[in-house]
2 protein chains.
Amino acid sequence: MSPGHTGVTTSGAQDPVIVCETPQDECGVRDVLDRLGDKWSMYVMVELTAGTLRFKELQRRIHGDVSQRMLTLTLRRLERDGLVTRTVYATVPPQVEYALTDMGRSMSHLLKSLADWSIAHRPAIAEARGAYDESHP
Amino acid sequence: MSPGHTGVTTSGAQDPVIVCETPQDECGVRDVLDRLGDKWSMYVMVELTAGTLRFKELQRRIHGDVSQRMLTLTLRRLERDGLVTRTVYATVPPQVEYALTDMGRSMSHLLKSLADWSIAHRPAIAEARGAYDESHP
DNA sequence: CTGTATCCGATTAGATACTG
DNA sequence: CAGTATCTAATCGGATACAG
């Protein structure tokens, strides 16, 4: 606990958990995690943990029918962030392979944990929602 | 590796990483992680790892100036999902405390890891973006 | 196969004003 | 203090058509 803490309330927390140099700064957290805010990045990262995938193959594996447009946009952003590599083979028809970079792999492990957590806790969450909706008419 | 795999491509992956009973089903992944898709839930969860917080205190700790409206909406959704508890004290002025549930805490640990990862890799990502932007005119 | 371009509807979130 | 209500701007994502 921080030394200079005074006026303790019922709160057990005195300092923000995510601390930045300046309050306006996002410390890179927002910067990075906004990528998770979009609808597909997380799925792309997790599916690529299994190995290199072509565009079409990736599209097939992702739940919820990602459109061609959104998959392209998602992959471009991940590539720009240095999380995914894009390799083009000059064949006919064209073949493009996507894979995680080392940095991408280190991140995707965390995302996989979150995906696993979600699957494991789905029943509990569904139950909580039901209870909440009943008690809040 | 799955037994019945045939027609191997250059891909190292044969089966989707996130596997659901039916292709249409989201296995709860989308269901749960859409919560992370919004702009503030992740920050709220991480800040609450430090302990119970009142509405105003939570608002102060969150970077990027979350509006009253958005913080309220975010907290209601997290409460509905069984991740956060809301305790109202009948005082004047009113006092409302928010805290993580056990389930919320188990999730917030994963989110904290992601936040830490983001901070640690911010320089690398910034560099990757710079390089990408230069090579893509 | 792997994209790009355009249009449009849906969702999100910010600003502001007001309340118990 | 801790909300709710309303309005609006911005963003996101889907559908479609077309191209290398």
Discussion item. Go through it in stages, so that I can follow the logic: the residues are A/Leu114 and A/Val46, the test is side chain to side chain contact (heavy atoms under 4.5 Å, CB included), and I'd like the CA-CA distance, side-chain angles, deciding distance and then a yes or no.
Written reply: CA-CA 10 Å; A/Leu114 262 176; A/Val46 172; over 6 Å; no
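DNA chain C is contacted by both A/Arg76 and B/Asp65; A/Arg76 maps to the nucleotide lying nearer its 5′ end (nearest heavy atom per residue).
With rounding to the nearest 0.5 Å, the separation of CE in B/Met42 from OG1 in B/Thr74 is 13.5 Å.
Salt bridge present: B/Asp116 and B/Lys112 bring a charged side-chain N and a carboxylate O closer than 4.0 Å.
Between the CD atom of A/Glu57 and the C1' atom of C/dC1 there is a distance of 13 Å, given to the nearest Å. Distance NZ (B/Lys39) to C1' (D/dA9): 13 Å, rounded to an integer number of Å. For the pair A/Gln59 CD and C/dC1 P, the computed distance is 9 Å after rounding to whole Å. Spacing between atom NE2 of A/His136 and atom P of D/dG3 amounts to 11 Å, rounded to whole angstrom units. Between the CG atom of A/Leu53 and the P atom of C/dT2 there is a distance of 11 Å, rounded to whole Å. For the pair B/Gln95 CD and D/dA2 P, the interatomic distance rounds to 7 Å; values are reported in whole Å. Spacing between atom CG of A/Leu58 and atom P of C/dG3 amounts to 11 Å, rounded to whole angstrom units. The CZ atom of A/Arg35 sits 12 Å away from the C1' atom of D/dC12 (whole-angstrom rounding).
If you check D/dC1, C/dT2, C/dA13 against the side chain of B/Pro94, the one that comes closest is D/dC1. Each of D/dG14, C/dT2, C/dA13 was ranked by its minimum atom distance to the side chain of A/Phe55; first place goes to C/dT2. Each of C/dT2, D/dC1, C/dC1 was ranked by its minimum atom distance to the side chain of B/Pro93; first place goes to D/dC1.
The backbone N or O of A/Lys39 lies less than 3.5 Å from a partner atom in the side chain of B/Arg30, making a donor-acceptor pair. With hydrogens and angles ignored, the 3.5 Å screen pairs no side-chain donor or acceptor of B/Thr52 with any backbone N or O of B/Glu97.
Among the protein residues, B/Tyr98 comes within range of the sugar-phosphate backbone only, with heavy atoms under 4.0 Å from sugar or phosphate atoms but none that close to a base. Counting non-hydrogen atoms under 4.0 angstrom, A/Asp38 reaches the backbone sugars and phosphates but no base.
For DNA chain D, the residues of residues 68-75 of chain A within the heavy-atom distance limit of 4.0 Å (strictly under) are A/Arg69, A/Met70, sorted by number.
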